[in-house]
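Each chain gets a letter, A, B and so on, in the order its sequence line appears, and its residues count up from 1.
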Amino acid sequence: MTEKNILAWFKKQKWKPHVFQMETWKAMLAGYSGLINAPTGSGKTYSAWFGILLEYLQKYPDQKKTKPGLQAIWITPIRALAKEIEYSTSRSCTDLGISFSVAIRSGDTTAGQKAKQKKQMPELLITTPESLHLLLAQKGYPDIFKNLSTVVVDEWHELIGSKRGVQMELALSRLKGLNPDLKIWGISATIGNLEEAKDVLLGKYESPTKMIRAKIVKNVQIETIFPDVIENFPWSGFIGTQLLPKVIPIIHKSQSVLIFTNTRSQAEIWYQQLLETEPDLAGLIALHHGSLDQNTRTWVEDNLHDGKLKAVICTSSLDLGVDFSAVDTVIQVGSPKGVARFMQRAGRSGHSPGALSKIYFVPTNSLEIIEGAAMREAIKQNVIESRVPFIRSFDVLVQYLVTLAVSDGFEPDVIYKEIIRTHCFATVTKDEFLWCLQFITNGGNSLQAYDEFYKVEIEDGIYKVLSRGVAMRHRLSMGTIVGDSALQVKFLSGKRLGSIEESFISKLNIGDVFWFSGKNLEIIKVHHMEVVVKKSTLKNGKIPSWQGGRMPLSSQLSAMIRYKIDNYLANKVNDDPELNKLKGLFELQAKRSHLPTSKEFLIEYVQTKEGYHVFMYPFEGRFVHEGMAAIVARKISEIQPITFSIAMNDYGFELLSDQEINIEEALSLDLFNIKNLEAEIQMSVNATEMSKRRFREIASIAGLVFQGYPNKAMKTRHLQANSQLFFSVFEKYDAENLLLKQAYDEVLDFQLEIERMRMAYDRINQQSIILKRPIKPTPFAFPIMVDRTRSSYTNENIQDRLLKMKAQFEKDS
DNA sequence: GACCTGCTGCGGACTG
């Protein structure tokens, strides 16, 4: 059995291996580590898989007699993908007559299967980052990995920008420590920082590395769905069902459609309205998002795979995963927020190499139409976002150290040398590492009085967990994904439908009806984190919303939007029907105020019956705007005592006050000349409050708070309260706590996007400021104003209201 | 006059 046989097999399959695949095999056989960059549907799995197989055949030509144990590990970020990899790898073994066993190890793996694996590991183990760490927490784990020669990390672009990526780096550092010859291969879709992605994955070792790029062009065609009359299209809003009548014919003429929405509630709304307008589609369309029960989701995936569904309305839950070859059309509803995401979604259709991926873009408000043109330009210019890797994530490090202590225990010196070879922990000093050791042995400076934090003990210099209880709890809470605890929705029969948030259900009573999982449901009772429901015959129910993550518009896409406005102003509208369509709106913006070129920075000052508004439009995504708005507000309040309420969206922000604002004077202060951005932020933003919220995740990953046993989730407010308690204790007694510092750093890096803010300030300082005083709010301003009124029940506004009431009271008396 | 925001991912095994 040689390479020849494999090539012959390919021939039999009528499949000619691509150059990049052969390149990969060669590099793997020559002992390289590396990163493969290939689009989905190009055969990237086989590129790495046959490398593994060929090496195995070379090492053990007589494979039928030898049982060398675990040869390779294949990491996938989601379980659904594991099944697909298992299918294609084991099928090719059967076809080729090679004795090479393949098995999955994930949360789905039964105890029996695990026991079997323990006796005899397969040659290829397909697993997740979390399950790999669980293996590292087993007694005698080095034995499992002793013959391991290759680790493949699939979809590395998905992991690199998250703490799961950090977890991966740590596991690899250990495996590399056990076996210095270990080869590591990543597979990644195109991202802006591929070279960095490779370096982060492979760590700092001497071994030779290679980047392999499949030069396969993915043709993406974007078609924006327009309203007939732009004048009737709303200026704000994010649901977009106005255009539903135009989406229906697309569904009918397609074989199978994926409709991506940005939020779970939006998916529910679209599903509901689609059924209402087109009852014939009942049974042919389905819903898929992260809060639906796993069984429902699997059913949808299977039927989509088999081509039995005409359309599925989904969220990012179907961004990744199984190959849905039946899908020939993709629709994106609302802003795609970023180029990479949009490309990923577009790629879910037209799966064969070289095939055209067509994606329809359905804008949900007028201004958003421009994003269709911006996206087309980004793809033309090949502009794509980077995924920034985490650094110095001490929460993950602390968890990892306990993991190793749960197994056979570890020697600190050995592990320190390994972790500083990772990208994430390269700058960790000996002292910082000692801090981590202390933290896991006695809780650090402030928790020494509580023995529950004496998790790890030292025996002959080896750090070990001796308590079975600590070990069990640790195994249960491994991983870096901290979910929001939610209530389970169930029928009386016990059938699960999915989960919704406490805050939503608390607004309803027994007997009320809500729409969820594509059904109208009546509440029978709520107890023990469960909502028991029955089907309702009522037509209308409230639709739940979930407090998920908020994704800002990417800076690449923002830049393209500014560029497209320039194009419009320069009359270069030929390639983009979007710009033609926006003519009326842009003319109104120019008439009432001004349409800024990319060399201009527009500020609008408007008086309405609500008060005095200042609008600014950096077009830099809502996170940056949040920070900028706070800084501008503070600077203005230095010249006149004034309070503002602040609102923002992805295009700009608003400061509103009931007092007149001396905007000229404020501008003369050089509002945007920032010398020390970090200091400005500290003075303007309530960083402590933001960090406190951020700390919940860190406390959970670091094992400070226990999330509860499976299926017995703790209430969100308990978790929140516990982590806040630790936060306050550390603030008071342990200011040097590395986890505390990490919370502050994460707020600056991810919540306020400080680097991006810095670039935005640099740009604004190059621009000329255009101040306009429109009589009425402009098309740019309107969506931001609406955003503010919508959130009028936040604490901040209650405070405002109280103040107003107080003022009123003073006036009356 | 325009309004139904807020994603995804994972998950015990030891001892008798």
Side-chain angles (χ1 to χ4, degrees), chain A residues 76-82 105-109 111 114-115 118 127-135 137-140 155 158-159 161-165 167 231-242 260-270 272-273 288-291 294 314-321 333-335 337-338 341 344 364-366 406-407 468-469 471-484 515 540 542-552 622 649-650 701 707-711 776-777 779 782-792:
Chain A
T76 81
I78 64 173
R79 286 182 307 230
L81 224 48
R105 190 184 187 101
S106 73
D108 297 334
T109 309
K114 280 181 193 162
K118 191 157 191 199
T127 186
T128 61
E130 288 78 9
S131 287
L132 179 56
H133 271 250
L134 283 165
L135 284 176
Q138 275 190 6
K139 297 259 182 280
E155 314 269 4
E158 273 300 316
L159 294 170
S162 73
K163 288 187 183 174
R164 296 182 83 199
Q167 210 178 5
E231 283 70 25
N232 295 340
F233 202 55
W235 282 9
S236 78
F238 305 88
I239 298 301
T241 41
Q242 296 94 342
F260 284 100
T261 62
N262 286 335
T263 71
R264 287 164 276 185
S265 60
Q266 192 179 16
E268 295 269 357
I269 293 166
W270 268 78
Q272 186 186 46
Q273 296 206 11
H288 193 284
H289 62 69
S291 289
Q294 193 55 52
C314 61
T315 59
S316 324
S317 55
L318 287 184
D319 270 359
L320 274 188
V333 180
S335 167
K337 306 279 182 182
R341 233 162 88 96
Q344 173 97 24
T364 58
N365 61 56
S366 300
V406 162
S407 60
R468 276 183 61 183
M472 190 184 72
R473 267 162 66 122
H474 182 74
R475 284 202 192 91
L476 275 170
S477 51
M478 272 165 69
T480 59
I481 299 168
V482 181
D484 313 296
W515 172 269
N540 286 313
K542 290 197 179 69
I543 293 171
S545 65
W546 289 263
Q547 295 297 311
R550 303 180 160 198
M551 259 168 323
R622 58 176 305 134
N649 65 10
D650 278 326
I701 295 173
Q707 289 196 65
Y709 293 94
N711 301 326
K776 282 175 160 180
F782 188 80
I784 310 179
M785 291 176 67
V786 169
D787 209 53
R788 170 170 47 75
T789 43
R790 196 170 48 77
S791 57
S792 62

According to a strict under-4.0 Å criterion, is [X] in side-chain N/O contact with OP1 or OP2 of [N]?
X: A/T128; N: B/dG9; value: no
X: A/K118; N: B/dC14; value: yes
X: A/R622; N: B/dG6; value: no
X: A/R341; N: B/dT8; value: no
X: A/R473; N: B/dG12; value: no

Using the test salt bridge (Lys or Arg N to Asp or Glu O under 4.0 Å), find all partners of A/R105 that sit at least two apart in sequence or belong to another chain.
none
Whole angstrom is fine here: how far is it from [atom1] in [X] over to [atom2] in [N]?
X: A/I481; N: B/dC10; atom1: CD1; atom2: C1'; answer: 4 Å
X: A/Q138; N: B/dT15; atom1: CD; atom2: P; answer: 12 Å
X: A/K542; N: B/dC4; atom1: NZ; atom2: C1'; answer: 12 Å
X: A/Q547; N: B/dT8; atom1: CD; atom2: C1'; answer: 16 Å
X: A/L135; N: B/dG11; atom1: CG; atom2: P; answer: 11 Å
X: A/N262; N: B/dC4; atom1: CG; atom2: P; answer: 14 Å

Which part of the nucleic acid does [X] contact within heavy-atom distance under 4.0 Å: base, sugar-phosphate only, or nothing?
X: A/E158; result: nothing
X: A/H289; result: sugar-phosphate
X: A/I543; result: nothing
X: A/L134; result: sugar-phosphate
X: A/T261; result: nothing
X: A/G479; result: nothing

Residue whose nearest DNA chain B nucleotide is more 5′ - A/R550 or A/E231:
A/E231
Would you kindly compare A/N232 and A/Q272 by the position of their nearest DNA chain B nucleotide and give the one closer to the 5′ end?
A/N232
Please determine, for the side chain of [X], which listed nucleotide ([options]) has the closest atom?
X: A/S131; options: B/dC10, B/dG6, B/dC3; answer: B/dC10
X: A/T315; options: B/dC4, B/dC7, B/dA13; answer: B/dC7
X: A/I239; options: B/dC10, B/dC4, B/dA13; answer: B/dC4
X: A/W546; options: B/dC7, B/dC14, B/dG11; answer: B/dC7
X: A/K114; options: B/dG6, B/dC3, B/dG12; answer: B/dG12
X: A/Q273; options: B/dG11, B/dC3, B/dC4; answer: B/dC4
X: A/S545; options: B/dG6, B/dC3, B/dG9; answer: B/dG6
X: A/S317; options: B/dG6, B/dT8, B/dC14; answer: B/dT8
X: A/R475; options: B/dT5, B/dG12, B/dC10; answer: B/dG12
X: A/S265; options: B/dC3, B/dT5, B/dC7; answer: B/dT5

Please check: side-chain N/O of A/W270 versus main-chain N/O of A/I239, any donor-acceptor pairing under 3.5 Å?
yes
For the side chain of A/N262 and the backbone of A/S335, is there at least one donor-acceptor N/O pair under 3.5 Å apart?
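Yes, A/N262 side chain to A/S335 backbone: donor-acceptor pair under 3.5 Å.
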Flag side-chain contact, heavy atom, 4.5 Å: A/E130 against A/M478
no
Any chance the side chains of A/S317 and A/H289 put a donor and an acceptor closer than 3.5 Å?
no
Checking only heavy atoms, does the side chain of A/R468 share a donor-acceptor pair with the base of B/dG12 at less than 3.5 Å?
no
Could you tell me whether the side chain of A/S316 has a donor or acceptor atom within less than 3.5 Å of a complementary atom in the base of B/dC7?
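It does, because a donor-acceptor pair links the side chain of A/S316 to the base of B/dC7 below 3.5 Å.
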Syn/anti state of B/dG9 by chi, 90° boundary around 0
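Classified anti.
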Got a sec, which residues hit side-chain hydrogen bond (donor to acceptor under 3.5 Å, both in side chains) with A/D650, two or more places apart in sequence or on another chain?
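So A/D650 forms a side-chain hydrogen bond (donor to acceptor under 3.5 Å, both in side chains) with A/K337.
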Tell me whether A/R164 is salt-bridged to A/E158, with the criterion being a basic N under 4.0 Å from an acidic carboxylate O.
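No, A/R164 and A/E158 are not salt-bridged.
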